Amino acid sequence: DMKVTQMPRYLIKRMGENVLLECGQDMSHETMYWYRQDPGLGLQLIYISYDVDSNSEGDIPKGYRVSRKKREHFSLILDSAKTNQTSVYFCASSSSGTGGALEQYFGPGTRLTVL
Amino acid sequence: GEKVEQHESTLSVREGDSAVINCTYTDTASSYFPWYKQEAGKSLHFVIDIRSNVDRKQSQRLIVLLDKKAKRFSLHITATQPEDSAIYFCAASGGSNAKLTFGKGTKLSVKS
């Protein structure tokens, strides 16, 4: 069963606290992504990971870092969260092909509120 | 970098009519154009894509057209049904880095 999971689904933190969002996939996909979705802005790519310990910044990496120590897990870390990081965060994964981008499979999302 | 503009932020059609959502992109190197659907309160899932080696692709009631000269692509949903109501995102990707740039989304409402 092809699945991307995210934990937790909902999270409330205070400004300045550290945040860990976790993502898992059971498809052995090489490539994984973290996006945030804000009303009216669509999806913005935070980080992309091409495989274990092979991570690359996306369009809005400031204030975030990632960790990928196993192919099936990809973590997003917010050190000292800020109120403007309140958002819905989506993880996605895709297989890698010689032709470039392929279909992405999305997790259910994590709704993060930073007070 | 690539910019994708989705022209309709909202679209309302009657059940059975066709819906068309238009997107434009800026990077001539882009070669992969997928569409994703997000139902209310849910995550995104892939619906259809097109690559730059063709200009038309159909999957059941979904048709994607690509005009590379105009850097424009569109999603046509024929014979719309209430379950087609959702936000649709277009995206574009060029090169081999697997990154997608998304449009801001079109909220489609199908009224019965």
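These values consider heavy atoms only, across backbone and side chains, with no hydrogens, waters or symmetry-generated copies. The structure displayed is predicted, hence computed values, not measured ones. Every chain is numbered from 1 and lettered A, B, ... according to where its sequence line falls, protein lines coming before strand lines.
Taking a 6.0 Å sphere around CD1 of A:I12, one finds it holds 12 or fewer heavy atoms contributed by other residues, nucleotides or ligands. Crowding of A:R111 atom CZ: a count of heavy atoms from other residues, nucleotides or ligands under 6.0 Å not exceeding 12. Atom CD of B:E83 has more than 12 heavy atoms from other residues, nucleotides or ligands within 6.0 Å. Residue A:K13 places its NZ atom among more than 12 non-hydrogen atoms of other residues, nucleotides or ligands, all under 6.0 Å distant. When the shell of 6.0 Å around NZ of B:K3 is examined, it contains 12 or fewer heavy atoms from other residues, nucleotides or ligands. The environment of CZ in A:R71 is crowded: more than 12 heavy-atom neighbours from other residues, nucleotides or ligands sit within 6.0 Å.
Residue contact with chain B, scored on non-hydrogen atoms closer than 4.5 Å, involves the backbone and the side chain of A:Q104 alike. For chain B, the nearby part of A:S56 is the side chain; its heavy atoms alone come within less than 4.5 Å. Looking at B:Q38, only its side chain comes within 4.5 Å of chain A, counting heavy atoms on both sides. With a threshold of 4.5 angstrom between heavy atoms, A:Y105 does not approach chain B through any atom at all.
In this structure, A:L102 CG and B:F46 CZ are separated by 9.5 Å, a value rounded to the nearest 0.5 Å.
Nearest approach of B:K42 to A:F90, heavy atoms of both residues: O-CZ, 4.3 Å. Heavy atoms only, all atoms of each residue included: B:Y32 and A:E103 are closest at OH-N, 3.5 Å.
Using a distance-only test at 3.5 Å, with no hydrogens or angles considered, no donor-acceptor pair links the side chain of B:S43 to the main chain of A:G109.
By the criterion of side-chain heavy atoms lying less than 4.5 angstrom apart, applied directly or through intervening Ile, Leu, Val, Met, Phe, Trp or Tyr residues, A:F106 is not grouped with B:Y88; the two fall into different hydrophobic clusters.
In this structure, the side chains of A:L43 and B:L100 stay at 4.5 Å or more apart for every pair of heavy atoms.
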